[in-house]
Amino acid sequence: MEPMSSSTAIAVIDFETTGMTPAQGARATEVAIVLLQGGRVVDRFQSLMNTGAWIPPFITQLTGITNAMVAEAPPAAEVMREAARFVGSAPMVAHNAAFDSKFWGAELAQAGVAAQQPFACTVLLSRRLYPEAPSHKLGLIVDHLGLPRAGRAHRALADAEMAAALLARMQHDLRQRWHVDNPDHALLSTLQRCARPKVPALLAGWAAAAARPAIAA
DNA sequence: TGCCAGGCCCTCTTTAGGGCCTT
C-alpha cells in the first residue's frame with residue numbers, strides 16, 4: 001500500500017442518533033462530515049436524515065433534533081449514498097470511532113452501500129498525546145487545548161468541526177513536539193493502537209524513518 | 001413510546017473491576 005501524505009484528505013465524521021448502538025435498533029438522525037486536508041477544512045457535508053425511527057425526549061433535549069425536524073428531512077438512504085460519494089476513498093476519523101463507525105456501517109448497509117473506509121479515533125489519540133488532560137470528552141479536550149468551540153454541541157456539524165480542529169491540532173503537535181514530518185492516517189492508526197508507555201519510542205522511530213532520505217530509483 | 005453497549009484503558013491488575021467516551 002502506498003503511504004498517504006499529510007496532504008491526503010481525511011474525512012472527520014459525526015453522527016447524531018436515537019441511541020447508543022445500531023445493535024439495539026438505534027438509528028442516525030443527522031450526519032456531518034468535514035474534509036481535512038493539510039490541516040485545513042476544505043469541504044463540509046451535513047444533513048438531517050429520516051429513518052422513521054422515533055427520537056426519545058432526552059435525545060431531543062441533548063441534541064435539539066426533534067421528530068418533526070427529521071420527518072421533513074430527506075430519506076436516510078438518500079443521505080447516506082450522498083455521504084458515501086462525498087467521502088469517497090478518504091480514510092475516516094471520529095471522536096470515539098467505535099460509536100460512529102458502527103452507525104456508518106449500519107446506515108450504509110441500510111442504503112445498500114458497502115462501508116470500506118478505515119477509521120481512526122481522536123479519543124484514543126487524545127489519550128496518547130495529551131495524557132495530562134483532565135477529560136477527553138470532545139468539548140472538554142477542545143477547551144483544554146484552547147481550540148474554538150464550533151456552534152451548538154451535540155449537533156453533527158459542530159461536533160465534526162471540533163473533532164477536525166482537534167485532529168488538526170494533533171497533526172500540528174506531532175510535527176512540532178514530536179518532530180514527525182508526516183503525521184498521516186497510517187501513523188494515527190498505528191498510534192491509537194500503541195500502548196501509552198511505548199508512544200515516545202514509536203514517535204521517535206516514525207520521525208527517524210520520515211527523516212531518512214529516499215533511495216533514488 | 002424506551003429502558004441500558006462495547007471497546008479501550010488504568011490500576012488498588014493480569015484468575016478483575018470499574019471508569020471513560022459516544023447518543
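To find a chain, count down the sequence lines: A is the first, B the second, and so on, and within it residues start at 1.
In this structure, the NZ atom of A/Lys137 is 11 Å from the P atom of B/dT23, given to the nearest Å. Remark: P of B/dT23 and NZ of A/Lys102 are 14 Å apart, rounded to the nearest angstrom. Taking atom CG of residue A/Asp100 and atom P of nucleotide B/dA5, one finds them 19 Å apart after rounding to whole Å. Remark: P of B/dT23 and CD of A/Gln61 are 15 Å apart, rounded to the nearest angstrom. Counting to the nearest Å, the P atom of B/dT22 and the CG atom of A/Asp159 are 8 Å from each other. Counting to the nearest Å, the P atom of B/dA5 and the CZ atom of A/Phe103 are 13 Å from each other. Between the CZ atom of A/Phe15 and the P atom of B/dA5 there is a distance of 21 Å, rounded to whole Å. We find that CE of A/Met20 is positioned 5 Å from C1' of B/dT23, with the value rounded to whole Å.
Out of B/dA5, B/dT23, B/dG6, the shortest distance to the side chain of A/Thr21 is found at B/dA5. In this structure, of B/dC8, B/dT22, B/dT23, it is B/dT22 that holds the atom nearest to the side chain of A/His95. Comparing B/dT23, B/dT22, B/dC21 by their closest approach to the side chain of A/Leu138 singles out B/dT22. Closest approach to the A/Gln24 side chain among B/dT22, B/dT23, B/dC4 is made by B/dC4 (side chain taken as heavy atoms from C-beta onward).
Residue pairs satisfying the side-chain hydrogen bond (donor to acceptor under 3.5 Å, both in side chains) criterion with at least one member in residues 78-87 of chain A, sequence neighbours excluded, are absent.
A distance-only check finds a donor-acceptor pair linking the side chain of A/Arg193 to the backbone of A/Ser189 [under 3.5 Å]. Under a 3.5 Å cut-off, the side chain of A/Thr29 and the backbone N or O of A/Glu16 do form a donor-acceptor pair.
Taking the P atom of each, B/dA5 and B/dC12 are spaced 28 Å apart, rounded to whole Å. Distance check on atom P: B/dT23 versus B/dG18 gives 26 Å, rounded to whole Å. As rounded to the nearest Å, B/dC21 and B/dC4 have C1' atoms that lie 15 Å from one another. Nucleotides B/dC20 and B/dC3 place their P atoms 27 Å apart, quoted to the nearest Å.
Other residues, nucleotides and ligands contribute only 12 or fewer heavy atoms inside 6.0 Å of the CZ atom of A/Arg40.
A salt bridge between A/Asp143 and A/Arg149 is present, with a side-chain N of the basic residue lying under 4.0 Å from a carboxylate O of the acidic one.
Comparing A/Cys194 and A/Asn67 along DNA chain B, the residue whose closest nucleotide (by nearest heavy atom) sits nearer the 5' end is A/Asn67. Nearest-nucleotide positions on DNA chain B place A/Pro57 closer to the 5' end than the other of A/Pro57 and A/Val123.
Counting non-hydrogen atoms under 4.0 angstrom, A/Thr29 reaches nothing in the nucleic acid. A/Ile59 comes within contact range of at least one nucleobase, with a heavy-atom separation under 4.0 Å.
Below 30°, between 30° and 60°, or above 60°: for A/Trp104 and A/Phe15 the angle between ring planes is between 30° and 60°, a tilted geometry.
Put simply, A/Ser135 has no side-chain N or O that comes within less than 4.0 Å of OP1 or OP2 on B/dC20.
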